[in-house]
Number of protein chains: 2
Amino acid sequence: MGTHYRGRAAEVRALDTYIKLTRATSSVGVRLSRGLAEAGLTPTQLGVLEALLHLGPLGQRVLGGKLLMSGGNITTVVDNLERRRLVRRERRGDDRRHVTVHLTSEGRRLISRVFPGHVAAIVEAFSALTPAEQEQLGRLAKKLGRSVSRPGSA
Amino acid sequence: MGTHYRGRAAEVRALDTYIKLTRATSSVGVRLSRGLAEAGLTPTQLGVLEALLHLGPLGQRVLGGKLLMSGGNITTVVDNLERRRLVRRERRGDDRRHVTVHLTSEGRRLISRVFPGHVAAIVEAFSALTPAEQEQLGRLAKKLGRSVSRPGSA
DNA sequence: ATCAAATCATTCGATATCAAAGTAATTGCC
DNA sequence: GGCAATTACTTTGATATCGAATGATTTGAT
């Protein structure tokens, strides 16, 4: 008894949380995109350049893993960056299936210039929350993400 | 004094929270997309059908507002749904600029069948968090989203 | 009544994104 | 050594998404 009601309450609660979560994430994303648009970068392109800046040259497969993105998509994004001479592909000698993506000096210059402002925008977006709230939000998000990615317990 | 250090700490904290937030949201989205894919629906298409089911026929502009989506995109999504006979456009008589989007009976049947499973998937995704944690997450997400959407205070 | 401005939808050109199919190269097994 | 399976990337075809430009219609000001 009460199961029905509890079930509905659980539905309303989860749905409500889900909506707030996606809206918040979307809002932050939209805000950050604006700054990036001035540099002519999409969020994904920034992600690729940033990974290359901080981790050095990477294979496309690794890039896809870092950015939670399908392989087919990596090809497209790297294509677009390469066309603008921001990155350079290099076929690896020891295993010619692999392609290593490098920042060009131009790409390095761009990402070095843009990244600080991007971080500042993130800090500003989250300034609505106290440090403790940010940590709490991070903790809950991590817990949620972790459980969804794994085979689910219940 | 200390400003520099605090600045860096704030950056690390916001960045870390941001990454966890986007990853969690993305993971939940990916999980939900799977169930939708079986019904041949994208998340956006589901959103449109669900809005029409629960709110009745709507103008495209209103739909865009509900789903936080640009007008151009609404046209595309409604095009795709209309091609599958799940919705029907109707040019309004009193103001011929307006188009009202209706569910067809086929569309109503589909969304009625799919929606409960979608909700169940959301409940399951969030079951990793206790009710109190879900409410806390919702509260923080709402606070964050609200502040980002508005002209930002500080 | 007429012309300008505003509003709603569509079109267009980019990028993103995925899944599936295809190509190239490597590894493993016999 | 040679064929099968695996792995890495690319290609293809579909949807999503935005912003800017365009078209159609209505509203407002004179």
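Source: prediction; values computed, not measured. Here is the naming used below: chain letters follow the sequence lines, and residue numbers restart at 1 for every chain.
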Exercise. Where along residues 70-90 of chain B does a heavy atom fall under 4.0 Å from DNA chain C?
Worked result: B/Gly71, B/Gly72, B/Thr75, B/Arg89

Seminar exercise, completed: Numerically ordered, the residues 40-50 of chain A set in heavy-atom contact under 4.0 Å with DNA chain C is A/Thr42, A/Thr44, A/Gln45

Could you tell me which residues satisfy side chain to side chain donor-acceptor pair (under 3.5 Å) with [X], sequence neighbours excluded, listed by chain and number?
| X | value |
| --- | --- |
| B/Arg88 | B/Glu90 |
| A/Arg61 | none |
| B/Arg97 | B/Asp95 |
| A/Lys142 | none |

Seminar exercise, completed: Contacts satisfying salt bridge (charged side-chain N to carboxylate O under 4.0 Å, His left out) that involve residues 64-73 of chain A (not counting sequence neighbours) are none

For this session: Write out all pairs satisfying salt bridge (charged side-chain N to carboxylate O under 4.0 Å, His left out) with one or both partners inside residues 32-60 of chain A, taking only residues at least two apart or from two chains.
Result: none

Exercise. If you look only at pairs with a residue in residues 102-117 of chain A, which of them pass as a side chain to side chain donor-acceptor pair (under 3.5 Å), with sequence neighbours excluded?
Worked result: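 Residue pairs passing side chain to side chain donor-acceptor pair (under 3.5 Å), neighbours aside: none found.
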
Are any side-chain N or O atoms of [X] and backbone N or O atoms of [Y], one a donor and one an acceptor, separated by less than 3.5 Å?
| X | Y | answer |
| --- | --- | --- |
| A/Glu82 | A/Arg89 | yes |
| B/Gln134 | B/Phe126 | yes |
| A/Arg31 | B/Val148 | yes |

Problem set entry | Gap between atoms CE and C1', on A/Met69 and C/dC18 respectively (whole Å) |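 Those two atoms, CE and C1', are 11 Å apart.
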
Exercise. Roughly how many Å is it from CG in A/Leu36 to C1' in C/dA16, rounded to a whole number?
Worked result: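 From A/Leu36 CG to C/dA16 C1': 14 Å.
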
Exercise. Which atoms form the tightest heavy-atom contact between B/Ala125 and B/Val28, and what is the distance?
Worked result: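 For B/Ala125 versus B/Val28, the nearest heavy atoms are CB-CG1, 4.5 Å.
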
For this session: Return the residues of residues 60-67 of chain A meeting this criterion: a heavy atom under 4.0 Å from some atom of DNA chain D. Order them by number, or give none.
Result: A/Gln60, A/Arg61

For this session: Using a strict cut-off of less than 4.0 Å between a Lys/Arg side-chain nitrogen and an Asp/Glu carboxylate oxygen, indicate whether B/Asp16 and B/Lys20 qualify as a salt bridge.
Result: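 The answer is yes: the pair qualifies as a salt bridge.
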
Exercise. What pairs with B/Ser33 under side chain to side chain contact (heavy atoms under 4.5 Å, CB included), at least two apart in sequence or on another chain?
Worked result: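 Side chain to side chain contact (heavy atoms under 4.5 Å, CB included) check on B/Ser33 returns B/Pro43.
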
Which protein N or O atoms sit under 3.5 Å from an N or O of nucleotides 23-28 of chain C?
residue, atom, partner, partner atom, Å
C/dT26, OP1, A/Arg96, N, 3.0
C/dT26, O4', A/Arg97, NE, 3.4

